[in-house]
Amino acid sequence: MNSPFPKSSSAAGEGEIIARLQPDGVSGLETITYQYPLKLISPSKPAEDKSVLVFLLSYGGGLVGGDQVDLSIQVHPQAKLTIVTQGHTKVFTSTKADIVTRQTLRAQVASGGALCLLPDPVQPFAGSVYEQTQIFKLAKDASLCLLDWVTQGRSARGEDWSFVRWLGRNEVWTLPGDDDSGGRLLVRDSLLLDSAQAHPQMKTLRESMHAIGIMGTLILRGPLMKSLGDFFLAEFTALPRIGARDWRSEDAKKAEVIEELSTAETWRRDRLKMEKESGLLWSAALVRGCVVVKFGAPEVEAGRIWIGSMLVQEGSIEKIFGDHALLCVR
């Protein structure tokens, strides 16, 4: 029996999001399409008008071995798009090492547009094989906030970097015609975690991770993210440099207790204490106009609390994209 419906032109796992500024000045969706195993949901009535919100999901709460996801994103001039998830992106076990689960995201952001991609971390299960590629092409005055992080797996079940392979690559390019006719590569950030290619002096991938349970990368680019990027760079510059040891005299320490600290100084003091107690490590650098932040922590919750405190304290994400952009760190 022939189906009365036309055949779909999209393949399994394909999706498309097009955000455009509407006549009333509010960002909205021109197109949102998806095919299994990818699922995209956008609230029919946004809670806020600062950006249009899309949830990036998958059926069954994760990706099965061999799943292929290919998502295309376009943000038109002056539009703002926020993409979040509703929990960890679980990558289920592959029955064979050559069965690879892949996610590919290609995004293009036009002049004055902004894209905020703040998902929950990827959680690869033991025996999983996962590859992720995310490519962003930005106009000269477009803005991007990208958070990409991965956990050790299901620690409650004893998993500790027990997957077969995890490969992630993020690229940020200028749009063709902005700086040169072919576009310019600004940042290429790649991470390969392979159980078969552990450190020569360490037998397993777990040993080479030195008790780190989560690691992540935050990439910031564009005029709307300048304040946040400057904030990370300034906080990194202010970090203690000699073994985190306080070289002040006892009198100076007592004087600080007596002295009334500002709200920002109190927050910084408490954050530094948390970083030291939780074993969190991080760095920030300016690379061709992009601020690249790297961080790692022994516990997933410590990483979440830290990145959340930084984003909330500075305030740009909530101000520009709305409170819903911070769902992954609440």
Side-chain angles (χ1 to χ4, degrees), residues 8 10-22 24-63 67-90 102-110 112-122 132-139 142-149 170 172 218-222 224-225 308 311 316-330:
S8 173
S10 59
E14 286 189 350
E16 183 179 24
I17 301 172
I18 300 178
R20 183 185 294 275
L21 196 66
Q22 298 175 339
D24 58 1
V26 176
S27 297
L29 291 175
E30 177 183 291
T31 300
I32 179 169
T33 62
Y34 59 89
Q35 292 286 341
Y36 177 90
L38 174 65
K39 188 174 184 179
L40 303 171
I41 296 178
S42 181
S44 56
K45 293 183 179 180
E48 299 173 284
D49 293 334
K50 295 179 180 178
S51 70
V52 59
L53 175 66
V54 175
F55 286 92
L56 177 61
L57 310 171
S58 57
Y59 290 87
L63 298 171
D67 278 350
Q68 309 286 313
V69 171
D70 192 342
L71 177 61
S72 171
I73 297 173
Q74 289 188 49
V75 181
H76 284 269
Q78 307 303 319
K80 297 182 181 69
L81 173 64
T82 298
I83 298 179
V84 298
T85 55
Q86 289 185 321
H88 291 191
T89 299
K90 300 175 180 64
R102 289 188 177 90
Q103 278 205 108
T104 302
L105 184 151
R106 299 178 180 86
Q108 183 169 304
V109 186
L115 172 61
C116 180
L117 181 56
L118 289 178
D120 291 271
V122 176
Q132 174 181 284
T133 302
Q134 300 185 128
I135 300 174
F136 302 87
K137 295 185 177 182
L138 311 178
S143 299
L144 170 69
C145 174
L146 163 66
L147 177 60
D148 183 22
W149 44 345
N170 296 305
V172 180
L218 178 72
I219 299 177
L220 305 169
R221 165 79 180 180
L224 296 182
M225 293 295 100
L311 296 177
S316 287
I317 297 300
E318 182 174 356
K319 179 180 178 181
I320 295 168
F321 295 98
D323 182 69
H324 51 226
L326 296 170
L327 286 174
C328 75
V329 294
R330 292 296 189 187

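Partners of Asp120 according to the side-chain contact (heavy atoms from CB on, under 4.5 Å) rule, which considers only residues two or more places apart in sequence or in another chain, are Thr85, His88, Arg304, Cys328. A search for side-chain hydrogen bond (donor to acceptor under 3.5 Å, both in side chains) contacts involving Ser316 returns Glu314, not counting sequence neighbours. Legend: residues meeting side-chain hydrogen bond (donor to acceptor under 3.5 Å, both in side chains) with Glu30, ordered by chain and number and at least two apart, are Arg20. Residues passing the side-chain contact (heavy atoms from CB on, under 4.5 Å) test with Gln134, sequence neighbours excluded: Leu105, Leu117, Gln132, Phe136, Leu146, Asp148, Asn170. Gln74 meets the side-chain contact (heavy atoms from CB on, under 4.5 Å) test with Glu16, Ile18, His76; sequence neighbours excluded. Partners of Gln68 according to the side-chain hydrogen bond (donor to acceptor under 3.5 Å, both in side chains) rule, which considers only residues two or more places apart in sequence or in another chain, do not exist here.
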(request) Could you please spell out the steps behind the side chain to side chain contact (heavy atoms under 4.5 Å, CB included) verdict for Gln86 and Leu57? (result) CA-CA 7 Å; Gln86 289 185 321; Leu57 310 171; 3.7 Å; yes
(message) Set out, in order, the CA-CA distance, both residues' side-chain angles and the distance that settles side chain to side chain contact (heavy atoms under 4.5 Å, CB included) for Phe55 and Leu40, then state yes or no.
(response) CA-CA 6 Å; Phe55 286 92; Leu40 303 171; over 6 Å; no
(message) Checking Val52 against Ser42 for the side chain to side chain contact (heavy atoms under 4.5 Å, CB included) test, could you report, in this order, the C-alpha distance in whole Å, the side-chain angles of both residues, the deciding distance, and whether it holds?
(response) CA-CA 8 Å; Val52 59; Ser42 181; 4.2 Å; yes
(message) Walk me through whether Asp70 and Arg106 qualify under salt bridge (charged side-chain N to carboxylate O under 4.0 Å, His left out).
(response) CA-CA 8 Å; Asp70 192 342; Arg106 299 178 180 86; 2.9 Å; yes
(message) Working note: Met225 + Ile320, criterion side chain to side chain contact (heavy atoms under 4.5 Å, CB included); need CA distance, chi angles, decisive distance, verdict.
(response) CA-CA 9 Å; Met225 293 295 100; Ile320 295 168; 3.8 Å; yes
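Minimum heavy-atom separation, Ala114 to Val109: N-CG1, 3.7 Å. Ser51 and Thr82 make their closest contact through OG-OG1, 2.8 Å (heavy atoms, listed as atom of the first residue, atom of the second, distance). Closest of all the heavy-atom pairs between Cys145 and Ile317 is SG-CD1, 3.7 Å. Scanning both residues, Pro119 and Trp149, for their nearest heavy atoms gives O-NE1, 2.8 Å. When all heavy atoms of Ala142 and Ala110 are compared, the pair lying nearest together is CB-O, 3.5 Å.
With values rounded to the nearest 0.5 angstrom, Ser72 atom OG is found 9.5 Å from Glu14 atom CD. Rounded to the nearest 0.5 Å, atoms OG (Ser143) and CG (Leu220) are 10.0 Å apart. Distance check: Ile17 CD1 to Leu115 CG gives 9.0 Å after rounding to the nearest 0.5 Å. In this structure, the separation between CG on Leu56 and NZ on Lys39 is 12.0 Å, given to the nearest 0.5 Å. The CG atom of Leu118 sits 9.5 Å away from the CG atom of Leu327 when rounded to the nearest 0.5 Å. Taking CD of Gln78 as the start and OG of Ser27 as the end, the distance is 9.0 Å to the nearest 0.5 Å.
If you run side-chain contact (heavy atoms from CB on, under 4.5 Å) between Val54 and each of Ile73, Leu81, Ile41, only Leu81 comes through.
Using a 4.5 Å heavy-atom threshold, the side chains of Thr89 and Ser58 count as separate. Side-chain contact between His324 and Val84 is absent, with no heavy-atom pair separated by less than 4.5 Å. Pro37 has its side chain within reach of Val69: a pair of non-hydrogen atoms, C-beta onward, lies under 4.5 Å apart. Looking only at side-chain heavy atoms (C-beta outward), Leu147 and Pro121 stay at 4.5 Å or farther from each other.
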